[in-house]
Amino acid sequence: MSPPNGQFTLCTLELRWRKSAEDEWSMALHGRILSFRQDATHLHYRAVFPPVLPTPPPANAPSAATEEEDTLALVRHYLNLEPNLAQLYELWASADPNFKKRAPKFTGIRILRQDPWEALIGFICSSNNNIARISGMVHNLCKHYGPLIGHIDGEAYHDFPTPEALADPKVEAHLKELGFGYRAKYIAKTARIVAEEKGLKWLEELCNPESPVFGKEPKPAGELLEGGREGYRTAHEELLALHGVGPKVADCVCLMGLGWSESVPVDTHVWQIAQRDYKFGKGKHSSLTAATYTAVANRFRQLWGKEAGWAHSVLFTADLKAFSERVVAKTEVKEEKVTIKQEESDIVEEIKVDRTVKTKKRIKTEEDEPEHEVIQTKRETRARSKRQRSG
DNA sequence: ATGTAGCCTCGGGT
DNA sequence: AACCCGAGGCTAC
């Protein structure tokens with residue numbers, strides 16, 4: 001398929017994509033493995049379905065032809081290609097000089113339409129956490145509790161687990177072992193509430209009717225109010241009742257999982273932006289309290305309108321890019337030193353991991369959770385003999 | 001480089 | 001005076 005208006009960047013907080021070949025990215029989605037490759041003019045995709053079982057397929061099983069149509073529709077839906085982004089950028093820029101100044105280097109950013117349930121669990125994992133670790137956690141959820149869809153290059157691809165799969169009583173302890181920390185309890189509780197009490201239907205009905213889950217017909221969603229449309233407010237409020245879901249996580253789920261484009265998640269980055277460029281941080285709104293949170297979100301909605309969450313993501317990305325460039329510059333020197341030490345070891349991946357941990361510890365002074373990420377199993381192999389005598 | 005929950009204190013209002 | 005209650009601060013997870 002070719003892009004609707006000029007080139008497009010695929011930018012996402014979707015953490016499940018993996019590099020499956022040179023220049024190709026894949027993930028399991030809706031019961032198939034979806035792969036993307038991009039060249040100067042086109043976005044190429046392919047889908048690999050799991051093998052058909054030897055038993056006769058159910059009468060309503062899709063034929064190969066409809067599977068293909070279905071995949072194109074799924075790709076269009078998932079990448080949210082319908083809205084005219086260039087037009088939206090113009091709208092945001094004309095309303096806001098700061099956006100106009102910062103956005104030009106970050107065109108083509110789209111909010112994905114992620115699965116509501118996956119978004120909910122993913123963003124519960126995100127609290128007080130960093131992208132690399134969240135990605136590892138989500139990956140572990142799929143690996144241990146999600147259905148296996150297939151393999152690419154010997155790598156297994158699992159779909160995201162159902163609420164039922166995560167509602168099993170053993171899940172919490174297991175997730176703790178896997179390094180989820182206090183989020184293990186949040187996930188287990190949320191899964192139980194959704195699986196046994198509210199149902200997935202509840203979550204899906206919180207979707208913006210203009211942007212329903214894949215396969216449903218869109219319906220109008222009402223007018224924009226200062227605090228967002230009625231349906232958005234309800235969705236936000238209902239999500240807040242879940243354990244481990246505060247205002248920011250609820251907004252992320254609303255924006256990326258439920259299709260509420262006016263949702264503006266205010267995390268520390270956005271709070272920095274609000275202070276630097278939008279005159280927050282003084283007087284009544286000197287710290288990020290609940291009241292300040294809504295004031296910031298309302299201000300951005302007032303400024304950018306119904307798609308405020310998109311505009312917010314553009315500025316967020318611009319800021320993140322600037323930040324990561326500063327960090328890379330600082331880290332380069334350290335990398336050289338570490339590489340020299342590595343010769344004794346024979347596993348390249350392990351080296352990388354150790355370096356990451358060391359670097360982190362140098363930057364952070366304390367406070368790190370006593371968690372060990374996915375990585376620990378590998379590291380223990382070397383460390384155990386020394387460690388065990390004190391136990 | 002990053003949120004949430006729970007518990008505490010403080011101050012205004014009744 | 002005793003109590004309620006919400007806002008804001010602090011901290012474990």
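Chain letters run A, B, ... following the sequence lines, proteins first and then strands; every chain starts at 1.
- Taking every side-chain heavy atom of A:P247 into account, B:dT4 is the closest of C:dC13, C:dG8, B:dT4.
- Side-chain atoms of A:N130 lie closest to B:dA1 of the nucleotides B:dA1, B:dA5, B:dG3.
- Contact annotation: A:H269 does not reach the phosphate of B:dA1 (side-chain N/O to OP1 or OP2, under 4.0 Å).
- Following rounding to the nearest Å, A:I131 (CD1) and B:dG3 (P) show an atom-to-atom distance of 10 Å.
- The interatomic distance linking A:I187 (CD1) with B:dA5 (P) rounds to 14 Å, in whole Å.
- Checked by distance alone, A:Y182 brings a side-chain donor or acceptor within 3.5 Å of a matching partner on the base of B:dG3.
- Residue A:L242 is in sugar-phosphate contact alone, with no base atom involved, counting any heavy-atom pair closer than 4.0 Å across all strands shown.
- Here the C1' atom of nucleotide B:dT4 and the CH2 atom of A:W271 are 18 Å apart, to the nearest Å.
- If you measure from atom CG of A:L120 to atom P of B:dT4, you get 12 Å, rounded to the nearest angstrom.
- Relative ring orientation between A:H285 and A:F280 is described as tilted, the plane-to-plane angle lying within the 30° to 60° band.
- Aromatic ring orientation, A:W17 versus A:Y78: tilted (interplanar angle from 30° to 60°).
- We find that NZ of A:K185 is positioned 18 Å from P of B:dT4, with the value rounded to whole Å.
- OP1 or OP2 of C:dG8 has not a single side-chain nitrogen or oxygen of A:S287 nearer than 4.0 Å.
- DNA chain B is contacted by both A:K189 and A:D267; A:D267 maps to the nucleotide lying nearer its 5′ end (nearest heavy atom per residue).
- Contact check, A:T268 against B:dG3: a side-chain N or O comes under 4.0 Å of OP1 or OP2.
- Judged by distance alone, the side chains of A:W92 and A:E307 never bring a donor and an acceptor atom under 3.5 Å apart.
- Within the cation-pi definition used here (under 6.0 Å to the ring centroid, within 45° of the axis), A:R16 does not qualify as a partner of A:Y157.
- Using cut-offs of 30° and 60° for the angle between ring planes, the A:F300 and A:Y278 rings count as perpendicular.
- C:dA7 atom C1' lies 11 Å from atom NZ of A:K284, rounded to whole Å.
- If you measure from atom OH of A:Y186 to atom C1' of C:dA12, you get 9 Å, rounded to the nearest angstrom.
- Remark: P of C:dC13 and CZ of A:R183 are 13 Å apart, rounded to the nearest angstrom.
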